[in-house]
Amino acid sequence: MARYAAGEIEPKWQDAWSEDETFKAVRDPGKPKYYVLEMFPYPSGDLHIGHVRNYTMGDVVARYKLATGHAVLHPMGWDAFGLPAENAAQERKVHPGDWTYGNIANMKAQFSKLGLSLDWSREFATCDPDYYGKQQAMFIDMMEKGLAYRKNAVVNWDPVDMTVLANEQVEDGRGWRSGALVERRELTQWFFRISQYSDELLAALDRLDNWPDKVKTMQRNWIGKSQGLAFSFGLKGAPEGFDDLPVYTTRADTMRGPSFAAIAADHPLARALEAQSPEVAAFCAQCRRIGTSEEALETAEKLGFDTGVKVTHPADPDWELPLYIANFVLMDYGTGAIIGCPAHDQRDLDFARKYDLPVHSVFVPAWWTDEVADHGSPDYVPPERGGPAFVPAKTETVKYIRWFGEAGTEITCQEAMDQTLALFDENGWGTARTQFRLRDWGLSRQRYWGCPIPVVHCDACGVVPEKKENLPVELPKDIDFDKPGNPLDRHPTWRDVACPSCGGPAKRETDTMDTFVDSSWYYARFTSPRAETPTDAEEAAYWMNVDQYIGGIEHAILHLLYSRFFARAMNATGHLPEKGVEPFDALFTQGMVTHETYSTRDATGRTTWYFPSDVEERDGRTVLKSDPAVEVTVGPSIKMSKSKRNVVDPVAIIDHYGADTARWFVLSDSPPERDVEWTASGAEAAHRHLSRVWRLASEVDETAVEGDPEADQDLLRALHRTIHDVTMGIESFGFNSAVARLYAFTNQLSKSEAGRGAKREAMQTLAQLMAPMTPHLAEEIWQMLGGKGLVAREEWPEADPALLVEDSVTMPIQINGKRRSEITVPADMGRAEIEKLVLDTDTVQKALNGGSPKKLIVVPGRIVNVVV
RNA sequence: GCCCGUGUGGCGGAAUGGUAGACGCAGGGGAUUCAAAAUCCCCCGCCGCAAGGCGUGCCGGUUCGAGUCCGGCCACGGGUACCA
C-alpha cells in the first residue's frame with residue numbers, strides 16, 4: 001500500500017505555489033489588505049528550530065488571511081549587519097560580507113524547504129548597498145530636522161586590543177578576548193533625539209489595543225515619566241567654579257530626611273576633585289572599571305568615597321550633608337547627582353549603614369503610635385532600629401513625622417509630595433519638573449560591518465552631510481582584520497575625501513550605525529523594496545501598517561521602541577504617512593524553544609558541551625554515542641544557544657520527516673507565547689499523526705456509500721464544531737488548541753460509521769483546516785479527493801451556527817463546592833425548573849437530610865452548587 | 001539591583017471565577033501476526049483493599065465556589081540602552 005511520503009509531496013507543491021505565484025503580494029482594490037510580518041532573522045548561517053516556530057506561526061496567519069479573502073503581504077529579508085560577521089572575520093579570515101551572503105544563501109535554501117507562503121520577490125538584506133543607501137538618505141533628512149546630532153558619550157574601551165567593546169564582550173570588567181581591565185572612554189558620538197518624543201511614545205501606548213499588556217508596561221517603565229523636584233544644593237569646600245549642585249528627586253516629601261548627597265564618578269565635580277586628589281582619582285578609576293551597563297553598575301557592591309565637600313540644604317543653608325562619590329549613581333540619568341534618604345530607599349539605607357550615616361524616618365505607618373513603638377511590632381520595624389527601608393505605594397496613607405508640614409499629619413505620599421513641591425516653589429528652593437528615564441539613542445558604532453554614517457568632517461566647514469546623489473556611501477571591500485579596531489579608520493583611500501561643501505580635503509565619518517537602525521524601518525521598505533526613495537508613498541499608503549507583527553519577547557523594549565520612534569521620524573521627514581507612526585497594529589510575542597543540555601567536566605573543572613545528536617540513552621543513563629562508557633550530565637532545559645550546544649538542527653528533522661511534521665510539531669503542545677521544549681519523541685508522534693490523516697484520506701473511497709444516517713449527522717456536527725474551534729484558535733493565536741481540536745476530530749472521523757459522502761466532505765474540510773499548518777499535506781489530500789485548483793487559494797470554510805447548538809447540557813452538581821453528582825437537562829431549561837430537578841435528586845436529598853438548603857446557586861448551562 | 005513574565009500528573013500542556021488534568025508523549029495491558037513492524041482497542045494525578053481523602057511552586061486572604069482574583073514569599077526565564 002502507498003504511504004505518506006513527505007519527501008515527494010513537499011517539493012511538488014512548493015513548485016506548484018511558485019508557478020501559480022500564489023503568495024505574490026498584489027494590491028487588489030476589491031479586497032481588504034493584510035500585512036503579516038515576522039521579525040526578520042539574523043543570518044547566522046543555520047536555520048534554528050526557533051526560526052521554524054516563529055515563521056510557521058506567521059505562515060499560519062498569512063495562509064489563513066489569504067483564505068479569508070485578503071490581499072496578503074508576507075515578505076522576508078535579512079538583518080544582516082552586526083558583530084558576529086566581524087568576529088567570524090577575525091576568527092576565520094573571511095570577509096564579513098562574504099561570510100554574511102554565504103550564510104544568507106544557506107539559510108534561504110533551508111527556509112525554502114519549510115514551504116512558507118512568502119513573497120520572495122521582495123527580499124533584501126540590510127547590508128545591501130541599495131538598502132543602507134536609503135537609510136543614509138533618511139539619516140541626512142533627520143540631521144536637517146535636528147533629529148540626529150552629536151554629543152559625548154562613554155564606551156567600553158579595551159586598552160590591549162585598542163578597541164571599543166560591546167557590553168556582552170565585557171565579562172567581569174574585562175575584555176572577553178584580551179582579558180584586560182576595561183576602561184570607560186568618552187567619545188563624540190551620533191544620537192537620535194528620541195527624547196523629543198518621550199511623551200508621545202508614552203501616550204500612544206494607550207492606543208495600541210492589540211499589543212500585549214506586558215510589552216506596553218515594559219515600555220512605560222522604560223520611558224519612565226516622573227514628576228519630581230529640581231533643586232540645587234549649595235556647596236562648601238568645592239573646587240573653584242562649582243557654586244551649586246543641581247539635583248533631581250522624585251521624592252520631594254522626604255526632603256527633611258536626607259543624610260548624604262552623592263555624585264557619579266563621571267560628574268564634572270568629581271572630575272575636578274579627581275584632579276586635586278590622588279585618592280579621589282583612584283576611587284573614580286575603580287568606579288569606571290565596572291563598565292557601562294546598568295546591570296553591572298547596579299549589581300556591583302555599593303561603594304562611596306567621602307569627598308570632604310559639604311552640600312547645604314536648599315531649605316536650610318545651615319544644614320550640611322556630606323558629599324560622596326558613589327559607584328551606583330548614573331551620570332546618564334537626571335543630573336548625575338542624588339540626595340540620599342536612607343529611611344525610604346533601600347539602596348540609600350544600605351549605603352548609610354555601610355558608611356555610618358544617620359537614618360531619619362520621614363513617615364511611619366498610620367497605625368504606628370508611641371505606645372506601639374514602645375512594645376515594637378512584627379509588622380513594622382523602623383529603619384533606625386534595623387528594619388528595611390519603608391517604601392509604601394504613593395497612594396498609601398502614612399503618618400508624616402519629619403517633613404515641612406505639621407508633624408503627625410496623616411496623608412498619602414502623593415499628597416505630601418504635592419504639598420512639598422508647592423512649598424519649595426513658593427520659597428524659591430526648587431521647582432517641580434517632569435523628567436523621563438528615556439535617553440537619546442546613541443547610534444555610533446566604531447565598527448566596520450554596519451551602515452556608514454553619511455557625513456564628512458571638514459576643517460573649514462565642520463560636519464557636512466554627504467550629497468544625496470553620492471549615496472550610497474559604500475563600505476570598502478579591501479579591508480583586513482589583522483589589526484584590532486575599526487578597519488575604516490585606517491583605510492586612507494576610503495576615509496580621505498573632498499568636502500561635499502567646499503571641495504577641500506576632508507575625512508569621512510568612520511563610525512557606522514547601530515544595527516537597530518537597520519531593523520527600525522525594514523517593515524516600511526518591504527512595501528516598495530525596489531523604490532528609488534526609501535519608500536513609495538502610494539505603496540506605503542496601501543500596505544502600511546503591519547496588521548500582525550510576530551517576534552520574540554526579548555525585543556519588547558529596544559527594537560519595538562526604536563521602530564516606533566523611527567516611524568515618527570520617517571513621518572516627520574516625509575517617508576511615511578501619518579497613519580504609519582505606529583507601524584505595528586497588532587503584536588504577538590512568541591516564546592523560545594528550549595532544550596536540555598549535556599555536558600561533561602574534565603579533571604581541571606573545564607566543561608565540555610555536547611549536541612543532543614551526540615548523546616543517547618542506554619540502560620537509563622545518558623551517554624556519548626561515540627563512547628558509551630562516558631556518562632554525561634543532563635542539565636535543565638534552557639534557551640537554545642550555540643555556546644551550550646543544546647540546539648536541534650531542523651534540517652535533519654525536515655529531511656527525515658518532512659517540513660509539515662516540523663511545522664505541526666512546533667505548533668502543537670505549547671501555547672505560542674510560551675517557551676517550548678523540543679523533544680525527539682514529539683516529532684515522531686507528529687509524523688505518525690500526519691501519516692494517519694494521509695491514510696484516512698486515501699481510504700475514504702473504500703467506505704460504503706450508505707452509512708448510518710445518524711452517524712452522518714454526528715460527523716457533520718463535529719465537523720462544524722471543529723471549523724468553529726480551529727478558526728477561533730487561529731484568530732486568537734491558540735495554535736496548540738487548534739491542533740488539539742484537529743487531533744480530536746481526526747479520531748472521531750476515523751471511528752465514524754458515516755457514509756462515503758459525509759466522510760469525503762469531512763475529509764476535504766479537514767484538509768482546508770489543516771492547510772495553514774501543514775500546507776503540503778493539505779494540497780495532497782485536496783487533490784486526492786478531487787478538489788479543483790490549490791487548497792491554498794480555497795475560501796476558508798464557515799461553521800453553520802445551527803449545527804453548533806447543543807440540545808441538552810450536562811451540569812455538575814456541587815454540595816458545598818465539591819462535585820458530588822451531575823444532571824442532564826434540555827439546553828433551554830430555565831433556572832427555576834433546574835432548581836426543582838436538582839433538589840429532587842438523591843444526592844441532594846441525602847445531603848439535605850430533610851432540611852432545606854442554605855443557598856442554591858444555579859448557573860444555567862454551567863454548574864449547580866448547593867450549600868447545606 | 002531594577003522592570004516584565006512564568007510555575008498544573010512521569011513529560012509537553014488544557015480549563016469565559018464554575019466537573020482540574022482536554023489533546024499529545026512516555027508507560028502498562030490486550031487484539032491482529034508464524035513472528036515482527038505498522039495498525040487498532042483499553043487503562044493511566046497521588047494515597048487507600050475500599051469508603052474516602054489529598055492535590056495546580058509556598059504561606060495567607062476574598063468568594064457559595066479559586067489553577068484563575070488580592071497580599072506576601074520562593075524558584076526559573078527575558079530585558080537592563082554597544083548581542084540581535
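Bear in mind that the values here come from a model prediction, so they are computed numbers and not experimental data. Within every chain, numbering begins at 1; the chains are lettered A, B, ... in the order of the sequence lines, protein sequences first and strands thereafter.
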key: Partners passing side chain to side chain donor-acceptor pair (under 3.5 Å) against A/Tyr55 (at least two apart in sequence or in another chain)   = none
ask   = Taking OP1 and OP2 of B/A38, is either one under 4.0 Å from a side-chain nitrogen or oxygen of A/Arg692?
value = no
task = Would you indicate which nucleotide in B/A81, B/G53, B/A15 comes nearest to any side-chain atom of A/Tyr562?
result = B/A81
query = Using a heavy-atom distance cut-off of less than 4.0 Å, which residues of residues 739-750 of chain A contact RNA chain B?
reply = A/Ala740, A/Tyr743, A/Asn747
inquiry  = Is A/Arg674 close enough to B/G7 that one of its side-chain N or O atoms is under 4.0 Å from OP1 or OP2 there?
reply    = yes
query = Is any side-chain N or O of A/Glu295 under 3.5 Å from a base N or O of B/C3, one able to act as donor and the other as acceptor?
reply = no
task = May I ask you to evaluate whether A/Lys855 reaches the phosphate of B/C64, defined as a side-chain N or O under 4.0 Å from OP1 or OP2?
result = yes
query = Hey, is B/G65 sitting syn or anti, using the within-90° cutoff around 0?
reply = anti
message = Is the phosphate of B/A84 approached by A/Thr515 (side-chain N or O, under 4.0 Å from OP1 or OP2)?
response = yes
key: Residue closer to the 5' end of RNA chain B, A/Arg688 versus A/Leu187 (nearest nucleotide)   = A/Arg688
task = Take atom CG of A/Leu205 and atom P of B/C3, then tell me their distance rounded to the nearest Å.
result = 18 Å
task = Kindly state whether the ring of A/Tyr131 and the ring of A/Trp78 have centres lying under 6.0 angstrom apart.
result = no
request  = Please determine, for the side chain of A/Phe516, which listed nucleotide (B/A20, B/A84, B/A81) has the closest atom?
outcome  = B/A84
request  = Please list, chain by chain and in numerical order, all residues satisfying side chain to side chain donor-acceptor pair (under 3.5 Å) with A/Trp441, sequence neighbours excluded.
outcome  = A/Asp514
ask   = Is A/Lys751 near enough to B/C41 that one of its side-chain N or O atoms lies under 4.0 angstrom from OP1 or OP2?
value = yes
task = Go through the structure and list residues passing side chain to side chain donor-acceptor pair (under 3.5 Å) with A/Asn816, not counting sequence neighbours.
result = none
task = For the side chain of A/Tyr42, starting at C-beta, report the closest nucleotide among B/G65, B/A84, B/A26.
result = B/A84
message = For A/Pro812, give me all partners under side chain to side chain contact (heavy atoms under 4.5 Å, CB included), at least two apart in sequence or on another chain.
response = A/Arg819, A/Ile863
task = Give a yes/no answer on whether the side chain of A/Arg445 brings an N or O atom under 4.0 Å of OP1 or OP2 in B/C82.
result = yes
key: Sequence-distant partners of A/Thr703, side chain to side chain donor-acceptor pair (under 3.5 Å), two or more places apart   = none
task = Answer yes or no: does a side-chain N or O of A/Asn736 lie under 4.0 Å from OP1 or OP2 of B/C23?
result = no
ask   = Less than 4.0 Å between a side-chain N and a carboxylate O, is that true for A/Glu294 and A/Arg437?
value = yes
Shortest side-chain distance from A/Val164, nucleotide among B/A81, B/A26, B/C82 = B/C82
task = Would you state whether a donor and an acceptor, one from the side chain of A/Gln446 and one from the base of B/C82, lie under 3.5 Å apart?
result = yes
remark   = Which of B/U39, B/G1, B/A84 is nearest the side chain of A/Thr299? It is B/G1
ask   = Which residues satisfy the salt bridge (charged side-chain N to carboxylate O under 4.0 Å, His left out) test with A/Glu702, sequence neighbours excluded?
value = none
note = Across all chains, not counting sequence neighbours, the side chain to side chain contact (heavy atoms under 4.5 Å, CB included) partners of A/Asp79 are A/Phe40, A/Thr126, A/Asp518, A/Ser519
ask   = Of the nucleotides B/A14, B/A81, B/G5, which has the atom closest to the A/Pro671 side chain?
value = B/A14
key: Of the listed nucleotides B/C82, B/A84, B/C2, the one nearest the side chain of A/Glu294   = B/C2
task = Just compare B/C40, B/A81, B/C83 and give me whichever is closest to any side-chain atom of A/Leu558.
result = B/A81
note = To the nearest 0.5 Å, atom CZ of A/Phe192 lies from atom CG of A/Leu443 at 4.5 Å
query = When you check the phosphate oxygens OP1 and OP2 of B/A81, does a side-chain N or O of A/Asn167 lie under 4.0 Å from one of them?
reply = yes
ask   = Between A/Tyr743 and A/Phe745, does the ring centroid distance fall short of 6.0 Å?
value = no
remark   = Residues in residues 217-225 of chain A with a heavy atom under 4.0 Å of RNA chain B, by number, are A/Thr217, A/Met218, A/Asn221, A/Trp222
ask   = From the list B/C25, B/A84, B/G18, which nucleotide is the closest neighbour of the side chain of A/Arg862?
value = B/G18
ask   = Take atom NZ in A/Lys151; do more than 12 heavy atoms of anything else shown fall under 6.0 Å from it?
value = yes
ask   = With a non-hydrogen cut-off below 4.0 angstrom, is A/Phe328 in contact with a base, only sugar-phosphate, or nothing?
value = nothing
note = Listed range with range, the stems formed with RNA chain B by at least 3 consecutive Watson-Crick or G-U pairs (under 3.5 Å) are B:1-7 with B:74-80, B:10-12 with B:23-25, B:27-31 with B:39-43, B:45-47 with B:52-54, B:57-61 with B:69-73
key: Interatomic distance, A/His48 NE2 vs B/A84 C1' [rounded to whole Å]   = 12 Å
note = Picking from B/A84, B/C82, B/G24, the nucleotide nearest the side-chain atoms of A/Ala685 would be B/G24
Atom-to-atom span, CZ of A/Phe733 to C1' of B/A14 - whole angstrom = 20 Å
remark   = Sorted by chain and number, sequence neighbours left out, side chain to side chain contact (heavy atoms under 4.5 Å, CB included) with A/Ala326 holds for A/Ala262, A/Phe328, A/Val329, A/Phe351
remark   = A/Glu183 meets the side chain to side chain contact (heavy atoms under 4.5 Å, CB included) criterion, sequence neighbours left out, with A/Trp157, A/Pro159
